[in-house]
**Q** 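Take a look at this one; I'll ask things after.
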Protein chains: 2
Amino acid sequence: MESDDLRKLGLKVTLPRMKILEILEHGGKRHLSAEDVYRQLLEAGEEVGLATVYRVLTQFEAAGLVRRHNFDEGHSVFELASEEHHDHMVCLKTGRVIEFCDPEIERRQKAIAEAHGYRLCDHSLILYVEPIGEEGS
Amino acid sequence: MESDDLRKLGLKVTLPRMKILEILEHGGKRHLSAEDVYRQLLEAGEEVGLATVYRVLTQFEAAGLVRRHNFDEGHSVFELASEEHHDHMVCLKTGRVIEFCDPEIERRQKAIAEAHGYRLCDHSLILYVEPIGEEGS
DNA sequence: CTAATTGCAAAAGCTTTGCAGCGCA
DNA sequence: TGCGCTGCAAAGCTTTTGCAATTAG
């Protein structure tokens, strides 16, 4: 039951939070902008303000329930934080997002940070790709 | 002479463009926000509008003279496009930016894109790090 | 001379915030 | 009941755009 998820985070179980969590889980896409979530709420007939969507998503992010990404689109996209870490591949033609994880890359990243005297806290890796066969500009 | 760089790009050699190019080359930091560039222009006593800074940087980017990055800071940073490709490591404590390039990671990225039926057009890899010894929150 | 470029101010996104009222615990 | 949460509207930021004046070639 999702309401437990919220309680465990110290957040009151409110209708907006439940609905937003639902949309993140079963909203059709794994990667949603705040607008996307807001639109789905409206379509579902829910009276939730866009400001609340941002506030809730930000709280979820702070709680580790959600990850925020900045693909080069001018706005953030949010996804439910899954158990396993992964990176993203974005198709420049279709906008399709593919997730992947490469242990070798992960290992190298850690090694590189340490080689420079730092500890790796987080990272962002996004591949911008095109279907094979099409030529760029 | 830098004015040749501009001419080669098909851009008129104007004072704002020359000054901005100069700042990108000798501005103290390799990675500058539009505001950073604008502030340096003001400090140098130049009468250049912020809108012009954005327009010029965007033109330079389109021309391949400059690269735009989106570190998680809420604004873009620009750097002169150097010959060799490289990625970035950002220190969360100090904001320091370190450049690096790892052939193994580059190779894996290309292979991953192709394994999914795509051609790698571009990528963004940013490591967020902390000096060793300090604990995160 | 003429098209490109610039400055200013206004507008356009996306996101955050102030505040009064509502609702969960 | 009380504090947290929400909605609305307004404000904040970065970035873009319209337009008349200016300038490079």
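Side-chain atoms are counted along with the backbone in the values below, which use heavy atoms only and exclude waters and symmetry mates. A note on names: the letters A, B, ... follow the listed sequences, proteins ahead of strands, and every chain is numbered from 1.
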**Q** Please examine the side chains of A/Thr52 and A/Tyr54, heavy atoms only from C-beta on, and report whether any two atoms are closer than 4.5 Å.
**A**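 With C-beta onward as the side chain, the pair stays apart.
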**Q** Linking Ile, Leu, Val, Met, Phe, Trp and Tyr through side-chain heavy atoms less than 4.5 Å apart, which residues share a cluster with B/Leu15?
**A**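 B/Leu15 shares its hydrophobic cluster with no other residue.
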**Q** Within this structure, what is the CZ-to-P distance between B/Arg39 and D/dC13, rounded to whole angstrom?
**A**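 The distance from CZ of B/Arg39 to P of D/dC13 comes to 14 Å, rounded to the nearest Å.
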**Q** What pairs with B/Tyr38 under side chain to side chain donor-acceptor pair (under 3.5 Å), at least two apart in sequence or on another chain?
**A**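 B/Tyr38: no side chain to side chain donor-acceptor pair (under 3.5 Å) contacts found.
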**Q** List in chain and number order the residues that pass side chain to side chain donor-acceptor pair (under 3.5 Å) with A/Ser124, two or more places apart in sequence or in another chain; answer none if no residue qualifies.
**A**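 Applying side chain to side chain donor-acceptor pair (under 3.5 Å) to A/Ser124 gives none.
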**Q** A/Leu9 has an atom CG; how far is it from atom C1' of C/dA25, in whole Å?
**A**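 Taking CG of A/Leu9 and C1' of C/dA25, I get 17 Å after rounding.
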**Q** Would you mind reading off the distance between B/Ile20 atom CD1 and C/dG7 atom P, rounded to a whole angstrom?
**A**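 Atom CD1 in B/Ile20 sits about 9 Å away from atom P in C/dG7.
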**Q** Would you give a per-nucleotide map of nucleotides 15-25 of chain D, 5' to 3', where B means the base has a protein non-hydrogen atom under 4.0 Å away, S means only the sugar-phosphate does, and - means neither?
**A** BBBB-----BS
**Q** Using whole Å, report how far OH of B/Tyr38 lies from C1' of C/dT6.
**A**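 Those two atoms, OH and C1', are 13 Å apart.
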**Q** Measure CG/B/Leu6 against C1'/C/dT5 and give the value in whole Å, please.
**A**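 Taking CG of B/Leu6 and C1' of C/dT5, I get 13 Å after rounding.
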**Q** Run the side chain to side chain donor-acceptor pair (under 3.5 Å) test against B/Arg55 and tell me which residues pass, sequence neighbours left out.
**A**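 With neighbours one apart ignored, the set is empty.
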**Q** Quick one: B/Leu41 CG to C/dT6 C1', roughly how many Å, whole number?
**A**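 The answer, rounded to whole Å, is 13 Å.
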**Q** Please give, in whole Å, the distance from C/dT15 P to A/Glu73 CD?
**A**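 After rounding, the reported distance stands at 11 Å.
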**Q** Rounded to the nearest Å, what distance is computed from the CZ atom of residue B/Phe60 to the P atom of nucleotide C/dT5?
**A**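 Atom-to-atom, B/Phe60 to C/dT5, this comes out as 11 Å.
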**Q** Check residues 105-112 of chain A and write down every donor-acceptor pair under 3.5 Å in which the side-chain atom is one partner and the other belongs to a residue at least two apart or another chain.
**A**
| from | atom 1 | to | atom 2 | distance (Å) |
| --- | --- | --- | --- | --- |
| A/Glu106 | OE2 | A/His85 | NE2 | 3.0 |
| A/Arg107 | NH1 | A/Glu104 | OE1 | 2.5 |
| A/Arg108 | NE | B/Asp102 | OD1 | 3.1 |
| A/Arg108 | NE | B/Asp102 | OD2 | 3.2 |
| A/Arg108 | NH2 | B/Asp102 | OD1 | 2.3 |
| A/Gln109 | OE1 | A/His123 | ND1 | 3.0 |
| A/Gln109 | OE1 | A/His123 | NE2 | 3.4 |
| A/Lys110 | NZ | A/Glu114 | OE2 | 3.1 |

